[in-house]
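Step one of this worksheet: look at the structure below.
First listed ligand is number 1; within each ligand, the first listed atom is number 1.
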Amino acid sequence: MEVSSKIIRWGILGCGKIAHKFAQDLLTVPNAKLEAVASRNEQKSREFGRKYHSNKCYDSYVALCLDARIDVIYIATPHSFHYKHTLLCLNHKKAVLCEKPFAMNAIQVAEMIAAAKQNNVFLMEAMWTFFLPHYQYVLHLIQSGELGTVTSIKSDFGYQFDFDSESRIYNKKLGGGSLLDIGIYPVFTALSMLGVPDAIKAKAKMTHTDVDESCSIEFKYTTGATATLFSSLIEETKTEAIIRFEKGTVQIHGRFHEPTTLTIITKDNKETKSFDVATNGYSFEAAHVTALLLNNKKESSIMTFDKSLQLIQLLDLIRSQIGLVYH
Ligand SMILES: NC(=O)c1ccc[n+]([C@@H]2O[C@H](COP(=O)([O-])OP(=O)(O)OC[C@H]3O[C@@H](n4cnc5c(N)ncnc54)[C@H](OP(=O)(O)O)[C@@H]3O)[C@@H](O)[C@H]2O)c1
């Protein structure tokens with residue numbers, strides 16, 4: 001990647017929880033600057049902007065899109081708005097990094113990708129785990145064949161969220177439920193390490209707000225490989241990923257989707273590896289996008305459009321089995 005003195009000017013759309021962590025990390029990314037933030041609430045926008053040294057603070061998302069100085073917008077609104085807000089930005093010729101899940105279904109994701117191509121602007125799903133050093137390490141280990149092929153994956157993500165029918169976690173209108181919020185990580189683990197499964201079996205327990213409180217998923221591959229995946233909004237689980245190979249096991253310790261450690265166990269050896277990360281971990285995806293934009297790229301070479309489509313198609317299939325329909 002060529003070194004550039006050019007700065008990529010970022011905007012943040014929606015000043016919620018994850019936007020804070022992202023903004024904090026963006027401060028550490030070379031060639032990146034937080035140019036403007038936008039909240040539906042003027043005071044919230046000003047407070048957020050002041051905290052992360054943003055030049056401008058808008059009280060509307062459209063105003064952010066109309067700012068000619070913005071190169072790329074990070075979308076951090078609830079799932080059900082990703083489609084609408086991504087199209088808003090793309091149609092204003094702004095590059096987009098949009099939080100996971102990319103949208104509510106594969107039809108929306110396909111339209112978002114088409115809009116990016118039509119407007120000739122960059123678009124990527126913020127699947128931050130993909131860019132973390134420990135996760136890249138495991139992917140390279142798989143590719144190297146050093147431990148043979150992967151025979152099974154077991155991965156869970158369980159967290160106890162206090163019940164609030166209005167929160168984006170439980171509210172169906174905001175895309176609530178465990179699968180799209182946290183189950184997406186175990187599903188992504190299986191997808192990124194084993195590929196698209198040949199058979200899927202899923203079952204869920206629903207809340208009285210009619211979203212999945214927990215979701216159990218089995219993936220089967222014609223190679224004989226399997227993935228056992230679980231997510232829950234009501235119980236704290238180890239939130240780890242255990243990857244079994246022909247010649248060993250890699251245990252990505254909890255919480256596996258964040259910067260963490262891992263242990264490699266073979267017949268003769270057991271080694272724990274640490275991956276020192278100085279940020280919340282969002283700096284890696286932000287640096288990736290910044291570098292791509294400096295090189296005028298329109299698609300990530302890591303979190304490709306195909307990968308995002310495969311991911312949302314899997315989530316759609318799982319939802320159809322558990323009867324989770326969003327309107
Ligand atoms: N990558 C990760 O590690 C990670 C972690 C957590 C969440 N996420 C993803 O990021 C997205 C946001 O999650 P979050 O936890 O940051 O949510 P949050 O704290 O609820 O923030 C979402 C923000 O979206 C804006 N918004 C616009 N319309 C809204 C509406 N009708 N209701 C509620 N908020 C609305 C609000 O910003 P303003 O009031 O400022 O306009 C709100 O603060 C989700 O899609 C989630 O999956 C990713």
Self-check item: Any donor-acceptor pair under 3.5 Å from K21 side chain to Y282 backbone
Solution: no
Quiz item: Do K205 and E213 sit within salt-bridge range, that is, some charged N less than 4.0 Å from a carboxylate O?
Solution: yes
Quiz item: Does a salt bridge link E47 with K51, judged by any charged N lying under 4.0 Å from a carboxylate O?
Solution: no
Quiz prompt | A76 and ligand 1 - part of the residue with a heavy-atom distance under 4.0 Å | solution = backbone
Quiz item: Is the closest side-chain heavy-atom distance between F161 and S178 below 4.5 Å?
Solution: no
Practice problem: Among all protein heavy atoms, pick the one closest to atom 21 (O) of ligand 1 and tell me residue, atom and distance. | Solution: G16 CA, 3.3 Å
Exercise. May I ask you to identify, for H257, whether its side chain, its backbone, both or neither come under 4.0 Å of ligand 1 on a heavy-atom basis?
Key: neither
Self-check item: Residues which pass salt bridge (charged side-chain N to carboxylate O under 4.0 Å, His left out) with D210, listed by chain and number, not counting sequence neighbours
Solution: K172
Quiz item: Can the ring centres of Y52 and W10 be said to be less than 6.0 Å apart?
Solution: no
Quiz item: Please state which protein non-hydrogen atom is closest to atom 42 (C) of ligand 1 and give its distance, to 0.1 Å?
Solution: K44 NZ, 3.9 Å
Quiz item: Checking R9 side chain against E35 main chain: does a donor-acceptor pair fall under 3.5 Å?
Solution: no
Exercise. Going by heavy-atom distance to atom 24 (O) of ligand 1, choose the closest among P78, G175, A19.
Key: P78
Self-check item: Nearest-neighbour protein heavy atom for atom 36 (C) of ligand 1, which is reported as residue plus atom name and distance
Solution: R40 NH2, 3.5 Å
Exercise. Please indicate whether any nitrogen or oxygen in C15 is less than 3.5 Å from any nitrogen or oxygen in ligand 1.
Key: yes
Quiz item: Does H82 approach ligand 1 within less than 4.0 angstrom via side chain, backbone, both or neither, non-hydrogen atoms only?
Solution: side chain
Quiz item: How far is atom 11 (C) of ligand 1 from its nearest protein heavy atom, and which residue and atom is that?
Solution: T77 O, 3.2 Å
Quiz item: Quick check: does any side chain N or O of Q321 sit under 3.5 Å from a backbone N or O of I200, one acting as donor and the other as acceptor?
Solution: yes
Quiz item: What is the ring orientation for H85 with F81, classed by angle as parallel under 30°, tilted 30 to 60°, or perpendicular over 60°?
Solution: parallel
Practice problem: Could you tell me the residue and atom name of the protein heavy atom closest to atom 40 (O) of ligand 1, and the distance to it rounded to 0.1 Å? | Solution: S39 OG, 2.6 Å
Quiz item: G14 heavy atoms, cut-off 4.0 Å: which ligand 1 atoms fall inside?
Solution: 37 (O), 40 (O)
Quiz item: How does F81 reach ligand 1, if at all, at less than 4.0 Å between non-hydrogen atoms: by side chain, backbone, both, or neither?
Solution: side chain
Quiz item: Which one holds for E99 and ligand 1: side chain close, backbone close, both close, or neither close, with close meaning a heavy atom under 4.0 Å?
Solution: side chain
Practice problem: Determine whether any heavy atom of F22 lies closer than 4.0 Å to an atom of ligand 1. | Solution: no
Quiz prompt | Residue selection (non-hydrogen contact nearest atom 41 (O) of ligand 1) among Y61, Y185, F102 | solution = Y61
Quiz item: Side chain or backbone of R168 under 4.0 Å from ligand 1, or both, or neither, by non-hydrogen atoms?
Solution: side chain
Self-check item: Aromatic ring proximity, centroids under 6.0 angstrom, H20 and F48
Solution: yes
Practice problem: Taking the six-membered ring for Trp and the full ring for Phe, Tyr or His, determine whether the centres of F163 and H208 are under 6.0 Å apart. | Solution: yes
Self-check item: N105 side chain to I312 backbone, donor-acceptor under 3.5 Å
Solution: no
Practice problem: For atom 45 (O) of ligand 1, state which one of H79, E258, K173 supplies the nearest heavy atom. | Solution: H79
Self-check item: Distance from atom 3 (O) of ligand 1 to nearest protein heavy atom, with residue and atom
Solution: Y282 OH, 2.7 Å
Quiz item: Any N/O of I18 closer than 3.5 Å to an N/O of ligand 1?
Solution: yes
Quiz item: Tell me: protein heavy atom nearest atom 19 (O) of ligand 1, and distance?
Solution: K17 N, 2.9 Å
Quiz item: Take atom CD in E111; do more than 12 heavy atoms of anything else shown fall under 6.0 Å from it?
Solution: yes
Self-check item: Mode of D181 contact toward ligand 1 - side chain, backbone, both, neither (heavy atoms, under 4.0 Å)
Solution: side chain
